[in-house]
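Below: one structure, written as structure tokens.
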Protein chains: 2
Amino acid sequence: MVEAKNPVQAVQRSLEIIDVLQNTGGARVTDIAEQVGMSKGTIHCHLATLEENGYVVHDGTKYKLGLRVIDLAHHAKSRIDIYDLVTKEVDTLAEESGELALFTVEEGGEGICLYKSAGDNAVKTEVYVGYRNELYHTAVGKGMLAFMPAEQRDRIIEETTFEAITPNTITDEAALREELEAIREEGIAYNHEESIHGLVGAGAPIRDQDGTIYGAISVIGPARRMGSDRLENEVPDMIHRAVNIVEINITSL
Amino acid sequence: MVEAKNPVQAVQRSLEIIDVLQNTGGARVTDIAEQVGMSKGTIHCHLATLEENGYVVHDGTKYKLGLRVIDLAHHAKSRIDIYDLVTKEVDTLAEESGELALFTVEEGGEGICLYKSAGDNAVKTEVYVGYRNELYHTAVGKGMLAFMPAEQRDRIIEETTFEAITPNTITDEAALREELEAIREEGIAYNHEESIHGLVGAGAPIRDQDGTIYGAISVIGPARRMGSDRLENEVPDMIHRAVNIVEINITSL
DNA sequence: ATAAATATTTGGTATTACAAAACATACCAT
DNA sequence: ATGGTATGTTTTGTAATACCAAATATTTAT
């Protein structure tokens, strides 16, 4: 994420306030003022401005995110032109596998989950549509990193701060680059409990002829149910089939 | 929508820019500057600030909405606590009827579609999740208006500017209030081609014991397929069943 | 009823958002 | 290649305003 040369401070403050509302699920003027270190008066003016535009609502003393943002989200999503195509395939993937199938895209060096479909036995996870995470510790993330243009990959890795989320998380650049090489050879990326203990997954990117990455598809499930045979043969086959169907249709867009 | 006493102008300008990006599906600095009447330099600073926070992305010369807003949308939606309950019922409603079934809530005097489920014969409409429209010309809108507290209803009607969207649209307050009275008696609201020519629908609000309105459910379809028998008997029955199931479960929240 | 806690408004000032212009960069056509 | 055009970006001075602190209004609790 590039830093703005001449940021508009007032706007940044409003966005900070929105962050607080998102993370708290609603807060009072005083609470927000305390959290972001601004005066109550300032917070009030910002909230009033945001409310006037539907980005915020308040009932009584509690301010929350307004539903205006749902409208925005729809329009943001609508620029992913393979969306309808992919959701169909992700649905069948979830049904076939019985697990949780996801569609994720990259933006600003992060992975953003755009669609999820739960099979009959799907794990309950915190991953929701809009969920954002670092690329280095997920199957889809590593899959996209592996196949994206080198400069882009370098730029993203450059800005990555490795963190040992679980004992299995990759925590240094060399190890990551080694794994990416393996992924390029195999054509599939795995998550061996690198994000959440007990959770494994496999994923592969969606590309066109030019190598442009449109996103990635993954299947995730509990380690106990996803033995090496299932995780490394059955599931990758299903994913590749789904990816191929989408890729074939990209040309016609 | 209340007007802010001391709006933060800079924030309003950013939101204006976001509006343009939404409506155009992406635009260049020069285009935005022209549309909103600010200098290119100013637009640039705002875009850079928004981009730094993931609300905007640019590729080449074109700026678009960033996927950050999808995350926001999820959190905004998550405060609708009957959401999961309702979507299930709306799905069965769509399946049973074969038409398009919707879940809409009111915020700031507007109706916001939060979920839609398409039956086998569902009409293709511009209504999307996040879609916002005035209450006075939709089934769900009138249904919610009819049953909400009088002061709130008065406030919303007060601020309504009636517009003849179709020949059937209600265009004055007296007629609207008369219809709302009928809706209160019947317990169901109709849309007789008042929003879109050829499109009819029926809807009813979801309430708890206190009379608090949680939203409304509707079924819409082409007039040719929805004769008076189907529209006024079959469909309302289905809607009422769905509404009742949700209402029963509200108490347990 | 009173007090306590909160939201909102006000007013003055230091900050900064803004427009205009200069600069840089990408894209054409010749 | 080369100049020209259209674009995005940065700079700069200044007029506008976002900000804080204090005052007021409002709600809630005792």
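These numbers come from a predicted model, not from an experiment. Residue numbers start from 1 in every chain, and the chains themselves are labelled A, B, ... in the order their sequence lines are given, proteins ahead of strands.
- Across C:dT8, C:dT6, D:dT17, the shortest atom-to-atom separation from the side chain of A:Y63 is found for C:dT8.
- A close approach under 4.0 Å does not occur between any side-chain nitrogen or oxygen of B:H58 and OP1 or OP2 of D:dG8.
- The interatomic distance linking A:H46 (NE2) with C:dT9 (P) rounds to 15 Å, in whole Å.
- Partner A:R177 forms a side-chain contact (heavy atoms from CB on, under 4.5 Å) with one of A:D172, A:I170, A:I157 and no other, that one being A:I157.
- In this structure, B:Q9 places its CD atom 16 Å from P of D:dA15, rounding to the nearest Å.
- When rounded to the nearest whole Å, the span between CD1 of B:I43 and P of C:dA21 equals 17 Å.
- Of the side-chain N and O atoms in B:H44, one or more sit less than 4.0 angstrom from OP1 or OP2 of D:dT10.
- Atom CG of B:L47 and atom P of D:dT10 are 12 Å apart (whole Å).
- Between B:R184 and B:E181, at least one side-chain N (NZ, or NE/NH1/NH2) sits under 4.0 Å from a carboxylate O, which counts as a salt bridge.
- Of the two residues contacting DNA chain C, namely A:N6 and A:K62, the nearest-nucleotide position lying further toward the 5' end is that of A:K62.
- Between A:T61 and C:dA7 there is a side-chain polar atom (N or O) within less than 4.0 angstrom of OP1 or OP2.
- Salt bridge B:D31/B:K62: absent, no basic N to carboxylate O contact under 4.0 Å.
- Between the CD1 atom of A:I32 and the P atom of C:dT8 there is a distance of 11 Å, given to the nearest Å.
- In this structure, A:H58 and A:Y63 have parallel ring planes: the angle between them is below the 30° cut-off, well short of the 60° mark.
- Counting only heavy atoms from C-beta on, B:T30 has its side chain closest to D:dT7 among D:dT10, D:dA18, D:dT7.
- Across the interface with DNA chain C, nearest-nucleotide mapping of A:V29 and B:T42 shows A:V29 to be the residue nearer the 5′ end.
- Protein atom CD of B:E34 is 15 Å distant from nucleotide atom P of C:dA19, rounded to whole Å.
- Between C:dT6, C:dC18, D:dC19, one nucleotide has an atom nearer to the side chain of A:R28 than all others, and that is C:dT6.
- More than 12 non-hydrogen atoms from other residues, nucleotides or ligands lie less than 6.0 angstrom from CD of A:E173.
- Side-chain atoms of A:R13 lie closest to D:dC19 of the nucleotides D:dC19, C:dA7, D:dG8.
- Looking at the side chain of B:K40, the nearest of the listed nucleotides D:dC20, D:dT9, D:dC19 is D:dT9.
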